[in-house]
Protein chains: 2
Amino acid sequence: MNADDTFASGRTGHRHASMLERRATIEDVASAAKVSVATVSRALRGLPNVAVSTRQRVMSVATSLNYEPDPAASRLAAGKTKTVTVGVPLISGWYFSTVVASAEAVCNGAGYDFQVICVSGPADRDRLLDDRHHLERRTDGLILVDVEPSAEQAARLRSRRIALTTIGNAVDGHPSVMIDDELVGEMACEHLVELGHRRIAMIGGLHDDPMNFTVPKRRRQGFERTLVRHGLALLPEFVAVGNFGIQGGREAMAELLDLADPPTAVFAMSDDMAFGALMELDRHGLVAGRDISIVGVDDHEFAQVVNLTTIRQPVADHGAVAAQLLISEMEAAAVGATGRPLTGTPTRSQTGESAGTPAVRGQLALVVRSTTGPAPV
Amino acid sequence: MNADDTFASGRTGHRHASMLERRATIEDVASAAKVSVATVSRALRGLPNVAVSTRQRVMSVATSLNYEPDPAASRLAAGKTKTVTVGVPLISGWYFSTVVASAEAVCNGAGYDFQVICVSGPADRDRLLDDRHHLERRTDGLILVDVEPSAEQAARLRSRRIALTTIGNAVDGHPSVMIDDELVGEMACEHLVELGHRRIAMIGGLHDDPMNFTVPKRRRQGFERTLVRHGLALLPEFVAVGNFGIQGGREAMAELLDLADPPTAVFAMSDDMAFGALMELDRHGLVAGRDISIVGVDDHEFAQVVNLTTIRQPVADHGAVAAQLLISEMEAAAVGATGRPLTGTPTRSQTGESAGTPAVRGQLALVVRSTTGPAPV
DNA sequence: ATGAAAGCGCTAACAT
DNA sequence: ATGTTAGCGCTTTCAT
């Protein structure tokens, strides 16, 4: 089959260098350990009903043979892939890459292969979730970050035995990790009001929202509600769209500054947008924290560089916790599969969290730096 | 030979088919299309020796059955995984996440599964490259970003039939994409010298360099050489270590400012370090571009926010080009494997690029913003 | 151009 | 506690 020797002469001194490495199979281990392949399989996977001495012998033989099970073979035979996939709207960008990084660390630590796929719009989302191609037989679990599957898609995922955990929004019956986004808006508003501001604007939201990104909606609710509680109102012209990017933030700030009567303070729903706002302030010769106050959300790595006041959220934790939740789900499912056929699985449709579907909430903290200050008199 | 019928009755009964989706196998397609599985396999994979009419029929049946080949099964049978893995020192962080993002787009577009693994030190690197676990039978190709495999590791990769492409450094006999790092140092130096600076410092390098990260070394060479060409010298106290992070840049700048006779200009080998330097300047009440000039490298998204003068490199291209090179290698290897056994593959040990191992160089551009200005008089 | 059949390297019944 | 063996769903000779 392989014509290794064809080159054995001319290629290099060492034949080994050009030869294909021979990998040990479970049979090699079995015969070397003088047991059956079944025993090797059990021994190596820590299954019960293996004599201690046998297990040890098998393990040492496996090690000395440098044996590693072929993932394709075990996937085919067992039907599990030991792979997790994370779907994000964008791979670069501080928030998402931080989430991906921490999820990767956890998954890899738990022995899972880690795949990433970019889901930048509804089409991508539906392709990922509806087509047979991406998930089917390729992954045991999926982490969706700021991507909301429909109820049907979530249901199908379950019937396809693919575990799901979401970040940024909750899907009924699945674990999720998110922050209290209403509280975010509330905290930002409180801070600004306390400083004496009364003309407070908001940068956030998306121009069109095909992905049904609920985060800005919730932040706005908390923000507006708090404004109202203080006897203030959210003026229509004080609602600018920033699309969660630096440029969007800059443009939004430009619009606000163009107003006949501009705000004295701005709540930017993300640090990125706040950075853009800061740029625009600079262009106008205005000083943040003196002429106009800006609060962001995230505590982006750069927030300290530009001294941005912001609401910190534990982004790295998001990925790590989601990965852990997902892994728990998958291992539970694995047990359930062998034990009893998950007859008892709850098929809840409650609005809140139901038993078995933890909705982890991250801690928030207002970090006051220099971009917010007392309202100008 | 097969006693299929032994279990024909009891086995196939769908036990909990109520919940689980039934997926079509190649046999389902074969029988529905009234051909053999072999023909289905050929037809669907675009292999020759299939009648046009047959192929069409098979394809439409496959579509209507929503058939998708089981990746585990084809991997096991064919020995290829259709997966690429990228190893990066850090997943978050602007540079790496941008590279990963563009690589993902290309790989996914080409139908490859895309895995990421964090390689944050020599131990991680050796585990990834030496152990059987990670790569073996899991991936067809590897992209290493700022991670340098030893010659032996690269050789083993070849004998394990895993394609390799590197970013940031070149490995003999493998495609790579990098920039001319000496030119980077040169351009930065030229710019500063032209502005009249003569006391020019440098922030870069790593404290200890277990990964043999060659980028800062080359940048320094170009930088120092250019200094010398202009009759200047790189003073030992003008070489600060920044570890390529914001904090490191800040500390490095602090050291430089503590000097009895501080520099009037600083070449920071990355934008991140430049941002840190900017922070420190700010803390000292100094204005960048007036009191002290700073040039960075990258043209980080954030560079425009703080108006940083920098040397732009096409980071996204790095990932995209590397992915393309890798895919070319893999498809060539696939052909070579069936066709002729890659007789002509060069085993060169030249210093530069050799035929068949393209070393793509990215375009550089000096982007002048406001953090550099004429030397104070 | 098509089909039959032998694996690929495991896992999981089932038997002992 | 251990062994036997039938698949898992494909790909790939080898026939025809």
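Only a predicted model underlies this, so the values are computations on that prediction, with no experimental measurement involved. Lettering follows sequence order; numbering is per chain, from 1.
Residues Val37(B) and Leu76(B) both approach DNA chain C. Their nearest nucleotides, taken by heavy-atom distance, put Val37(B) toward the 5′ side.
Side chain of Ala78(B), nearest nucleotide from dT2(D), dA13(C), dT11(D): dT11(D). The side chain of Ala73(B) approaches dC10(D) more closely than any other nucleotide in the set dT11(C), dT2(D), dC10(D). When the nucleotides dG9(D), dG3(D), dA1(C) are ranked by their closest atom to the side chain of Thr54(B), dA1(C) comes out on top. The side chain of Ala77(A) approaches dT11(C) more closely than any other nucleotide in the set dT2(C), dG9(D), dT11(C). In this structure, the nucleotide among dT11(C), dA4(C), dA1(D) sitting nearest to the side chain of Ile26(A) is dT11(C).
Near DNA chain D, defined here as any heavy-atom distance below 4.0 Å, there are no residues from residues 127-136 of chain A.
Asp70(A) comes within 4.0 angstrom of the backbone, heavy atoms only, and of no base. Contacts of Ala38(A) with the nucleic acid, taken as non-hydrogen atoms under 4.0 Å apart, include base atoms.
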When the side chains of residues 44-52 of chain B are checked against the rest of the protein, which donor-acceptor pairs come out under 3.5 Å, sequence neighbours left out?
| unit_1 | atom_1 | unit_2 | atom_2 | d |
| --- | --- | --- | --- | --- |
| Arg45(B) | NE | Ser41(B) | O | 3.3 |
| Arg45(B) | NE | Ser41(B) | OG | 3.3 |
| Arg45(B) | NH2 | Ser41(B) | OG | 3.1 |

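In this model, a donor atom of one side chain and an acceptor atom of the other lie less than 3.5 Å apart for Thr39(A) and Ser36(A). There is a side-chain donor-acceptor pair under 3.5 Å between Ser150(B) and Glu152(B).
Atom CG of Leu47(A) and atom C1' of dA13(C) are 13 Å apart (whole Å).
Taking 3.5 Å as the limit, the base of dG9(D) and the side chain of Arg137(A) contain no donor-acceptor pair of atoms between them. In the interface, the side chain of Arg42(B) is paired with the base of dG3(C) through a donor and an acceptor atom under 3.5 Å apart.
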Q: Report the C-alpha distance between Arg160(B) and Leu157(B) in whole Å, list the side-chain angles of each, state the deciding distance to 0.1 Å, and finish with yes or no for side chain to side chain contact (heavy atoms under 4.5 Å, CB included).
A: CA-CA 5 Å; Arg160(B) 301 203 272 162; Leu157(B) 244 22; 3.7 Å; yes
